[in-house]
Every structure is written in C-alpha cells, then in structure tokens.
2 protein chains.
Amino acid sequence: MFGIGEAARRSGLSIETIRYYEREGFAPPPGRTASGRRAYSAREVAALAFLKRCRDLGFPLADAVALRDLATGAEAPCAEVEAIGCGQLAEVRRKIAELQALEQALAELVGNCAGGQAACPMLDRLRQEAGVTSPAR
Amino acid sequence: MFGIGEAARRSGLSIETIRYYEREGFAPPPGRTASGRRAYSAREVAALAFLKRCRDLGFPLADAVALRDLATGAEAPCAEVEAIGCGQLAEVRRKIAELQALEQALAELVGNCAGGQAACPMLDRLRQEAGVTSPAR
DNA sequence: CTTGATCCTGTAGTGGCTACAGGTTGCAGG
DNA sequence: CCTGCAACCTGTAGCCACTACAGGATCAAG
C-alpha cells in the first residue's frame, strides 16, 4: 500500500490531481488508514498511471476513463478502443492543421516587420484585416 | 451608433463575449442610451473587431489588448508589436511540434489495431507504457 | 395593444487542473 | 517524552476565455 505522495511519484500525477480525480469520480476512492489517510494498492496506482498516460496522449479525461474501464474490464473490446483512439488521432490532426494555418498567417504578419521602424506594417495589417464588415444578412 | 447586437455582427464577437470583455476590463464601457442600452461608435466596434482578429490568430486576450492599445495609440512602436507577434509565432510552433509528437505516438498506437479482434494490442501498449515506475529519487 | 426581437443584470458552468489556508498525523532525532 | 518537520487532510478559490441560462425590461412593427 502506498500513501498519496508515493502514488503521485509512481503514477506521474500530482497529489492535487489525484485528489481531484477522486473528488470528481474519475478515480474510485481508495481505502483509508485508521487515521484517515488514503492507501493505494499497486493496482490502483497502475490505474492512475494509465490515466496519466492517456492524458499525455491528449485524450479528454472522460475518454481516458473509458479506456481505463475497457482496459481493466474482463474483455477488451478492441473495436471500441480503436474508435476512441482514431477519434483522438483525428482530433489531433485537426488541431495541427488549424495551428499550421495560424502559423502561416502569423509568419506573414511578422515577416512584414523589418525591425523597429516607426510605421508598423504588422499593425497596419491587423487593423486592415479586422476591417469591420457590413452586417452579414 | 450601434446596439450590442449590431456590434456583435460587425465585430464577429458574440454579444456575451462583448459584455464579458467589458466586465473584465478588456474593452472600455461604451456609452448608454437613455434606457440603459449600450451604444457603440464605429471606432469602438472596430476595436472589438481588432480584438477578435487577434484572438483568431491565437493571441492570449491580454496580448490582444496590448496590441489594440499599441494600434490605437499615437505612435506605433513596431519593435514591441514585433516582439509580441514573434512570441506568439514561437508559441504556435511549439504547440505544433507537441501535437506532431502526439500524432506519431497515437498513429502507432492505433496502427496496432487491425479491426475488432478479441485481444487488443492498443490497450496492451497503453497498459505497458503506463508501467508504474519505481520511485524516482 | 400585442407580439416578438432585442436588450439588461447576475450567476453558474465548462475542462482540467493548481494553489492556497488552516488544520492533523507520523516519524526521527535529541 | 518532546520537538520539529514532512506528509497528509478538507475545503475553497483561481486560472483562461468564454458560454449558457434565468428572469426581467424595452423597443419597433403591425
């Protein structure tokens, strides 16, 4: 059995995060010692580490929990797991594309700056592009 | 003068967001009609649209406000503007790199799934990788 | 005069934590 | 046995940037 500090070190989550997961029902409450301290089994620590790994992969907490439940259940319904994984992959790719478009726009904007001139082309562009549109109807 | 709905349509922000900006001090409070409704000048609407444009480029709201203040000020200190822009560009590139690493890891994970088998290679990998580490010290 | 669009304030919720404040417990050294 | 300090406890508030109501007032058109 491990105290919450040890569970944190071993899972990679912070103590606060572990308590938060428990409070919000993302992790089951562990047993307690006589004095009321949380006591985690190796299995429970592994489940916390699993959540951490999923979060690191960018899965929303709810998906991480779903994956954990699939992982700890008797059978491992690969199809469901694959669906969640593919969804996340698609989401990550969507975000990458979005950020790349942003990078383009920003690079162009910053590229106009040739170092501290008085008139600022970047601001001019920003002002322009924020051009107040006539009301779309 | 424009009502808040018109200001929202013209700036691209939602009505709620405009009120939020005002409440939090990111946008100055506009004048009011006799009955207490907000009345925006074209200039104020343009400032809101400028904030929207910056937010769309991923600038944190505080940076968007700083840029707006630089843009509406008498002089346009290009150096500062460039610094904020470059910082944001760097941040966007950092996020892209982070997401690409994630994409790699996820694609590999999902690639192991060959469609609904009983044993799930993806879960196995997740379980493995979440291997509970002995306490780092 | 009625209807429906628009507006008002104020509050609570989102996700996923993080950071206290203010207290208790456990253990090692003296 | 006492002291000190690390580790733990609960509970609350804050972060970012909104979004979504609830419950009411006002305006313009028919």
Side-chain angles (χ1 to χ4, degrees), chain A residues 1-27 29-40 44-45 48 50-68 87-88 91-92 95 98 102 135 137, chain B residues 1-27 29-40 44-45 48 50-68 87-88 91-92 95 98 102 135 137:
Chain A
M1 292 304 225
F2 309 102
I4 196 172
E6 193 63 18
R9 265 186 299 278
R10 285 174 186 254
S11 68
L13 294 169
S14 77
I15 291 179
E16 321 280 356
T17 300
I18 293 176
R19 285 200 280 244
Y20 164 73
Y21 282 4
E22 180 186 335
R23 209 163 51 237
E24 301 298 312
F26 299 119
R32 298 280 182 138
T33 67
S35 69
R37 297 191 170 197
R38 291 171 180 82
Y40 295 87
E44 285 168 326
V45 171
L48 290 173
F50 185 94
L51 288 184
K52 167 75 164 118
R53 169 77 186 147
C54 291
R55 290 292 298 129
D56 284 348
L57 284 167
F59 286 100
L61 198 38
D63 285 359
V65 167
L67 285 172
R68 182 206 56 196
Q88 177 58 14
E91 181 62 16
V92 166
K95 278 186 192 158
E98 197 179 307
L102 237 69
R137 47 160 68 219
Chain B
M1 292 304 227
F2 310 102
I4 196 172
E6 194 62 20
R9 265 186 299 279
R10 285 172 187 254
S11 68
L13 294 169
S14 77
I15 291 179
E16 321 281 356
T17 299
I18 292 176
R19 286 200 279 244
Y20 164 73
Y21 283 3
E22 180 186 335
R23 209 163 53 237
E24 301 298 313
F26 298 120
R32 299 278 181 138
T33 66
S35 68
R37 298 191 168 197
R38 291 172 180 81
Y40 295 87
E44 284 168 327
V45 171
L48 290 174
F50 185 93
L51 288 184
K52 167 76 163 111
R53 168 77 185 146
C54 291
R55 290 291 301 128
D56 284 348
L57 284 167
F59 287 99
L61 197 38
D63 285 358
V65 167
L67 285 172
R68 182 206 56 196
Q88 176 59 14
E91 180 63 16
V92 166
K95 278 187 191 155
E98 198 179 306
L102 236 69
R137 50 157 67 215

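Order of the sequence lines sets the chain letters (A, B, ...), proteins ahead of strands, with each chain counted from 1.
- Glu44(A) is linked by a salt bridge (Lys or Arg N to Asp or Glu O under 4.0 Å) to nothing, counting only residues two or more places apart in sequence or in another chain.
- The shortest non-hydrogen separation linking Leu67(B) to Cys54(B) is CD1-SG, 3.9 Å.
- Interface limits on DNA chain C: the 5'-most and 3'-most nucleotides within less than 4.0 Å of chain B heavy atoms are dT6(C) to dT9(C).
- Closest heavy-atom contact between Ile15(B) and Gly5(B): CD1-CA, 3.9 Å.
- Counting any heavy atom pair closer than 4.0 Å across all strands shown, Tyr21(B) reaches sugar-phosphate atoms only and no base atom.
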Show the distances under 3.5 angstrom between N or O atoms of the protein and N or O atoms of nucleotides 13-16 of chain D.
none

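- Ion pairing between Glu98(B) and Lys95(B) fails under the 4.0 Å rule for side-chain N and carboxylate O.
- Residue Glu16(B) contributes atom CD, which lies 7 Å from atom C1' of dA20(D) at whole-angstrom precision.
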Hey, can you pull the donor-acceptor pairs under 3.5 Å for the side chains in residues 16-26 of chain B, sequence neighbours left out?
| from | atom 1 | to | atom 2 | distance (Å) |
| --- | --- | --- | --- | --- |
| Thr17(B) | OG1 | Ser14(B) | OG | 2.9 |
| Glu22(B) | OE1 | Arg38(B) | NE | 2.6 |

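- Within the 4.5 Å cutoff, side-chain heavy atoms of Arg55(B) are placed close to those of Leu61(B).
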Tell me, for nucleotides 24-30 of chain D in 5' to 3' order, what letter each nucleotide earns: B for a base near a protein heavy atom under 4.0 Å, S for only sugar-phosphate near one, - for neither?
--BS---
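- Annotation: side chain of Arg10(B) is in contact with side chain of Phe2(B) (closest heavy-atom distance under 4.5 Å).
- Residue Arg19(B) is in base contact, counting any heavy-atom pair closer than 4.0 Å across all strands shown.
- Put simply, CZ on Phe2(A) is 17 Å from C1' on dA7(D), counting in whole angstrom units.
- Residue Phe26(A) is out of contact with every strand shown, counting any heavy-atom pair closer than 4.0 Å.
- At a threshold of 4.5 Å between non-hydrogen side-chain atoms, the residues Gln88(A) and Pro60(A) count as touching.
- Nearest heavy-atom pair across Ser11(B) and Leu48(B) is CB-CB, 3.8 Å.
- When all heavy atoms of Pro30(A) and Ala39(A) are compared, the closest pair comes out as CB-O, 3.5 Å.
- By the salt bridge (Lys or Arg N to Asp or Glu O under 4.0 Å) test, Lys52(B) pairs with Asp56(B), sequence neighbours left out.
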